[in-house]
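Worksheet for the structure shown next.
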Amino acid sequence: MRARNLSVVLATIHRSGPATRAALAERTGLTKTTVSSLVADLLEAGVVAEGGVVRGGERGGPAWRSG
């Protein structure tokens, strides 16, 4: 299940561009806690990078982009 969720989050980032954890949770249907954990794994693996700019007035943490 975790591998599938990682794939869903990564595909969403790839398709939609940089997004906050809150936006990723909304787009994927996963909880913010799950998304945060998955993003941490993707960061550690060097697959995504943290960005400093959030687009479109979205609220939440930093944006994530595929690396």
Side-chain angles (χ1 to χ4, degrees):
M1 182 62 87
R2 188 163 185 84
R4 180 182 112 22
N5 288 344
L6 281 166
S7 179
V8 167
V9 168
L10 190 56
T12 301
I13 294 169
H14 180 73
R15 182 178 55 250
S16 302
T20 63
R21 290 181 301 278
L24 287 171
E26 184 177 315
R27 292 174 190 163
T28 61
L30 300 170
T31 67
K32 290 179 192 175
T33 302
T34 297
V35 168
S36 290
S37 176
L38 295 169
V39 167
D41 289 350
L42 293 170
L43 277 167
E44 187 175 313
V47 178
V48 298
E50 186 174 356
V53 177
V54 178
R55 301 178 311 173
E58 293 179 358
R59 296 176 8 165
W64 308 100
R65 61 178 173 78
S66 55

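The figures here come from the full heavy-atom set of this structure, side chains too, leaving out hydrogens, waters and symmetry mates. Note that the numbering runs from 1 along the sequence shown for the chain.
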About how many Å separate [atom2] of [Y] and [atom1] of [X], when rounded to the nearest 0.5 Å?
X   : Y   : atom1 : atom2 : result
T31 : N5  : OG1   : CG    : 9.0 Å
T20 : K32 : OG1   : NZ    : 8.5 Å
L24 : T34 : CG    : OG1   : 12.0 Å

Where is the tightest heavy-atom contact between [X] and [Y], given as atom of each residue plus distance?
X   : Y   : value
R27 : A19 : NH1-CB, 3.3 Å
S37 : R2  : OG-NH2, 2.8 Å
V48 : V39 : CG2-O, 4.2 Å

Report task. State which residues pass salt bridge (Lys or Arg N to Asp or Glu O under 4.0 Å) with R15; sequence neighbours excluded, sorted by chain then number. Result -> none
Query - Candidates L38, T28, V35 - the one meeting side-chain contact (heavy atoms from CB on, under 4.5 Å) with V8 - result: T28
